[in-house]
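Computed from heavy atoms alone, side chains included, the values below leave out hydrogens, waters and symmetry copies. Each chain gets a letter, A, B and so on, in the order its sequence line appears, and its residues count up from 1.
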2 protein chains.
Amino acid sequence: MSDTCDKADKRQKLLEVAESLFAKHGFEAVSVRQLAAEADVNLSMVSYYFGSKDGLFQEMIKSKFPQTRSVLEDLAQSDIHPWEKLTITIDMYVDKFFLGRAFHRVIMREMSLQQRPEHVNLIREHMARSQELIRGFIHEGQKKGLFRYVDVELTIATLFGTLSSAINQGALTCSMLKETNLEALYSDQNRERYKQHLKALLHAHLMTAGV
Amino acid sequence: MSDTCDKADKRQKLLEVAESLFAKHGFEAVSVRQLAAEADVNLSMVSYYFGSKDGLFQEMIKSKFPQTRSVLEDLAQSDIHPWEKLTITIDMYVDKFFLGRAFHRVIMREMSLQQRPEHVNLIREHMARSQELIRGFIHEGQKKGLFRYVDVELTIATLFGTLSSAINQGALTCSMLKETNLEALYSDQNRERYKQHLKALLHAHLMTAGV
DNA sequence: ATAAAAATCAAACAAACGTTTGATTTTTAT
DNA sequence: ATAAAAATCAAACGTTTGTTTGATTTTTAT
């Protein structure tokens with residue numbers, strides 16, 4: 001007849017709380033006491049489970065890092081039009097960033113701070129491999145004469161930069177889109193708006209005139 | 001025959017050190033003792049000059065906030081082609097972000113954290129007014145039939161998002177551009193590359209076929 | 001049922017934090 | 001020259017930090 005915890009999912013609770021609090025306030029600003037209180041566990045359990053506050057953070061990153069690469073790998077081996085591969089990729093990443101914005105705020109801040117090289121490398125390698133696949137889509141389109149010979153790397157940087165800013169500079173994006181509520185920025189409606197914009201943008205940029 | 005300080009420019013030194021250290025490690029991670037040591041002043045001078053660590057931060061923001069709006073206002077009243085207004089704007093902002101990347105890292109992180117609403121509002125209002133002027137450039141081009149009727153707000157979000165990511169997710173951008181050294185990412189060469197990419201991207205996106 | 005193992009907890013730890021104090025030196029003004 | 005004001009400093013302040021300890025409860029396995 002316990003309150004909430006069935007068994008050893010206090011560990012899981014800590015990971016969830018960590019994602020939420022780190023996203024909201026940043027790693028340094030969240031104390032172990034806050035984490036323990038929010039997860040309704042004893043202070044010392046953080047060290048007991050994860051070794052340290054830093055260990056908890058790393059575990060959270062690893063456990064939450066989404067498995068999107070398999071989708072991209074399937075796309076890479078598919079026979080569909082390269083442009084369709086890109087539209088599917090765009091749809092996927094808009095959803096991924098918007099719906100998992102708490103997590104993405106955390107990992108983007110880790111990248112920005114560059115304080116913990118292990119985290120930076122972990123995140124970088126993971127994202128770099130995904131971006132390599134996207135690069136393949138564009139190169140394929142270029143070889144087939146379907147895409148223009150644009151700056152592929154910076155085109156991908158623009159895709160991720162647009163999404164990253166929507167998540168990290170929410171207050172600024174909010175005022176630009178004339179949204180009063182900050183969370184309204186991430187509504188289904190705006191998610192569709194971002195998808196449409198990114199497709200229109202990359203379509204104009206990539207597609208050769210003839211097609 | 002003093003070492004470095006002529007008089008009361010220890011205050012200025014503190015502001016410079018603050019920008020550098022806050023950009024490198026984040027506000028919370030930098031201690032007053034670090035700041036004082038790096039600026040070669042006594043620990044207590046931070047409170048003496050700025051009231052508190054937070055006061056130093058705010059002063060740094062206010063003193064460093066660049067004056068780019070006047071350039072945009074001049075452009076707005078000029079008679080040149082709307083597309084030229086945009087190319088000038090792009091050149092200006094690429095330089096602004098790349099050369100002043102330490103400062104931009106700090107303010108973008110403040111936006112991302114949303115912990116200190118005063119800072120968020122100060123930064124948001126400043127940037128929003130600049131972006132309003134850019135909106136005007138695009139609207140002008142649209143009214144004159146020179147630009148397509150794209151999603152103006154998200155187009156601007158893409159411009160700033162691309163630059164913001166180059167500054168904040170440097171490690172990721174670095175590995176994508178195959179740059180070994182992180183600071184080499186911000187070379188003159190790559191600055192030109194970003195300018196070219198953004199112009200090509202927005203040109204394809206905005207310009208009507210006929211021109 | 002019982003003993004070993006794992007999990008949980010309150011309490012205390014040393015270290016680092018931002019800030020304040022009060023004495024001392026330097027500058028300014030008469 | 002001298003007294004008031006400003007600037008500087010070492011030292012200590014009270015908190016809060018992440019982590020550890022050692023006792024206690026709960027679980028597991030025999």
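When the side chain to side chain donor-acceptor pair (under 3.5 Å) test is applied to A:Glu132, the partners found at least two apart in sequence or on another chain are A:Arg135.
Between the side chain of A:Tyr194 and the backbone N or O of B:Leu154 there is no donor-acceptor pair closer than 3.5 Å.
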Exercise for the section: Show the numbers, then the answer: is there a side chain to side chain contact (heavy atoms under 4.5 Å, CB included) between A:Lys24 and A:Ser20? Expected result: CA-CA 6 Å; A:Lys24 214 174 288 175; A:Ser20 162; 4.1 Å; yes
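In terms of phosphate contacts, A:Tyr49 brings a side-chain nitrogen or oxygen within less than 4.0 Å of OP1 or OP2 of C:dT8. At the phosphate of C:dA7, neither OP1 nor OP2 sits under 4.0 Å from any side-chain N or O atom of A:Asn42. Side-chain N/O atoms of A:Tyr48 include none lying less than 4.0 angstrom from OP1 or OP2 on C:dT8.
Residue A:Met45 places its side chain closer to C:dC9 than to any other of C:dT20, D:dG18, C:dC9. Across C:dT8, C:dC17, C:dT20, the shortest atom-to-atom separation from the side chain of A:Lys10 is found for C:dT8. Distances were taken from every side-chain heavy atom of B:Ser31 (C-beta onward) to each of D:dG18, D:dT19, C:dC17; the shortest belongs to C:dC17. Which of C:dG18, D:dC9, D:dT19 sits closest to the side chain of B:Val32 comes down to C:dG18.
Going from atom CG of A:Leu56 over to atom C1' of D:dT17 covers 16 Å, rounded to whole Å. In this structure, B:Arg33 places its CZ atom 13 Å from C1' of D:dT17, rounding to the nearest Å. One atom, CG of B:Leu35, and another, C1' of C:dT19, lie 14 Å apart when rounded to the nearest Å. The interatomic distance linking B:Asp40 (CG) with D:dA10 (P) rounds to 11 Å, in whole Å. Atom P of nucleotide C:dC17 and atom CG of B:Leu21 are separated by 13 Å, given to the nearest angstrom. Taking atom CZ of B:Arg11 as the reference point, atom P of D:dA6 lies 15 Å away to the nearest angstrom. If you measure from atom CZ of B:Phe57 to atom C1' of C:dC17, you get 18 Å, rounded to the nearest angstrom. Rounding to whole angstrom units, NZ of residue A:Lys53 and P of D:dT17 are separated by 9 Å.
The aromatic rings of B:Phe160 and B:Tyr93 sit perpendicular to each other, their planes meeting at more than 60°, with 30° as the lower class boundary. B:Phe57 and B:Phe22 have tilted rings, their planes meeting at an angle from 30° to 60° on a 0 to 90° scale.
Taking the centre and axis of the six-membered ring of B:Phe27, the NZ or CZ atom of B:Lys53 falls inside the cone set by 45° and 6.0 Å.
Using a 4.0 Å heavy-atom cutoff across all strands shown, B:Ser47 reaches at least one base atom of the nucleic acid.
Helical stems of DNA chain C (runs of at least 3 Watson-Crick or G-U pairs, donor-acceptor distances under 3.5 Å) are listed by first residue: C:2-29 with D:2-29.
Sequence order on DNA chain C of the closest nucleotides to B:Leu43 and A:Val41 puts A:Val41 first from the 5' end.
By the neighbour-count criterion of 12 heavy atoms within 6.0 Å, atom CD of B:Glu183 is densely surrounded, having more than that number from other residues, nucleotides or ligands.
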